[in-house]
J.: 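Dropping a structure here in C-alpha cells format, bear with me for questions.
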Amino acid sequence: MKTTITVLSAVLLTILAIGCQTVPSDIPEDLTPMEYFQRGQDEVDRRNFRGGLAYYETFLERYPDDIENGVVAEYWVAFIHHKMGERETAIAGFTELLAQEDELQGRVPEWPFILSRRVLEEMGEES
C-alpha cells in the first residue's frame, strides 16, 4: 500500500511539473539575439523546456541568416529535446548540426559541434 501511494505521488508530481510548463505566446519581435538566448536559458534553468524551445526556435525563424548564433541555437534545440527524453528528435538535431561542421568550420564557434558529439556518445550513438 505504501509503495502504491509513493508511486502515485511520483506520477502526480511528474504530471504537475509537465503541466506547469508554459510556452510564451507572444515573443517580442524587437529582442536582440542575446535576449533570445538569455530568455531561452532562463526557461531551461527553470526546467520549462517547452518555453526554452520557443525562444530558440523563434530565434532561428527570425534570424535565418545569423549563421554563428544559428549554430548555437540549433545545438540548444537538440539538447532540450534530449533533456525532454525525445531521443529521436534530439539525435536528428545533433546529426543535422554535425553535418554542417565542415562547411562552417572557422566561421562559427566550435563548441556546439564538440558538445553534440559528446551528447550523442553519451546516448550510445555514433557521430
Side-chain angles (χ1 to χ4, degrees):
M1 180 69 173
K2 191 174 186 179
T3 304
T4 303
I5 292 172
T6 303
V7 171
L8 289 174
S9 296
V11 170
L12 180 60
L13 287 174
T14 302
I15 291 169
L16 288 173
I18 291 170
C20 291
Q21 291 190 8
T22 59
V23 178
S25 60
D26 190 24
I27 297 175
E29 295 211 16
D30 62 345
L31 295 179
T32 66
M34 291 315 301
E35 288 173 317
Y36 281 98
F37 284 83
Q38 184 60 56
R39 290 182 184 196
Q41 189 60 52
D42 290 345
E43 295 296 330
V44 170
D45 289 346
R46 287 192 291 269
R47 301 193 56 80
N48 180 8
F49 299 126
R50 296 265 177 232
L53 273 177
Y55 281 102
Y56 291 115
E57 289 173 341
T58 301
F59 172 82
L60 289 167
E61 291 170 13
R62 292 182 181 170
Y63 291 91
D65 297 327
D66 187 340
I67 304 301
E68 184 174 338
N69 286 318
V71 165
V72 174
E74 288 178 34
Y75 167 80
W76 281 109
V77 167
F79 185 76
I80 292 169
H81 283 292
H82 167 62
K83 294 301 279 183
M84 292 171 49
E86 297 174 355
R87 181 179 172 80
E88 297 307 315
T89 304
I91 292 170
F94 290 128
T95 302
E96 289 173 25
L97 179 60
L98 289 170
Q100 304 173 60
E101 185 174 17
D102 289 341
E103 174 189 342
L104 298 176
Q105 193 168 23
R107 297 177 20 205
V108 299
E110 191 174 335
W111 69 262
F113 303 113
I114 293 169
L115 292 181
S116 292
R117 276 192 293 282
R118 187 173 298 158
V119 174
L120 284 171
E121 288 171 12
E122 289 174 5
M123 294 174 74
E125 295 292 317
E126 292 185 30
S127 55

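Any value given below was found using the heavy atoms of this structure, including those in side chains, with hydrogens, waters and symmetry copies removed. Position 1 is the first residue of the sequence, and the numbers go up from there.
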J.: Just wondering, do E88 and H81 contact through their side chains at under 4.5 Å, heavy atoms?
T.: no
J.: Tell me which one of L31, I27, N69 satisfies side chain to side chain contact (heavy atoms under 4.5 Å, CB included) with F59.
T.: N69
J.: Considering non-hydrogen atoms only, spot the tightest contact between S116 and L97 and give its length.
T.: OG-CD2, 3.2 Å
J.: Measure the shortest side-chain to side-chain distance between L120 and L98 over non-hydrogen atoms and say whether it is less than 4.5 angstrom.
T.: yes
J.: Counting only pairs under 3.5 Å, give me each side-chain donor-acceptor contact of residues 106-113, with atom names and distances, residues two or more places apart or in other chains.
T.:
none

J.: Taking R87 first and then E125, would you say they form a salt bridge - that is, a charged N and a carboxylate O separated by under 4.0 Å?
T.: yes
J.: Assess the residue pair E122 and R117 against the criterion (salt bridge (charged side-chain N to carboxylate O under 4.0 Å, His left out)); give the C-alpha distance rounded to whole Å, side-chain angles, the decisive distance to 0.1 Å, and a yes or no.
T.: CA-CA 9 Å; E122 289 174 5; R117 276 192 293 282; over 6 Å; no
J.: Would you call E121-R118 a salt bridge at under 4.0 Å N-O?
T.: no
J.: Do you know the tightest heavy-atom contact between Q41 and Y56?
T.: N-OH, 3.4 Å
J.: If Ile, Leu, Val, Met, Phe, Trp and Tyr residues are connected whenever their side-chain heavy atoms lie under 4.5 Å apart, and connections chain through other members, are L104 and I114 in the same group?
T.: no
J.: Give a yes or no on whether W76 and I67 share a hydrophobic cluster (residues Ile, Leu, Val, Met, Phe, Trp, Tyr; joining criterion: side-chain heavy atoms under 4.5 Å apart).
T.: yes
J.: Test of understanding: with side-chain hydrogen bond (donor to acceptor under 3.5 Å, both in side chains), list the residues that count as partners of E74, not counting sequence neighbours.
T.: Q100
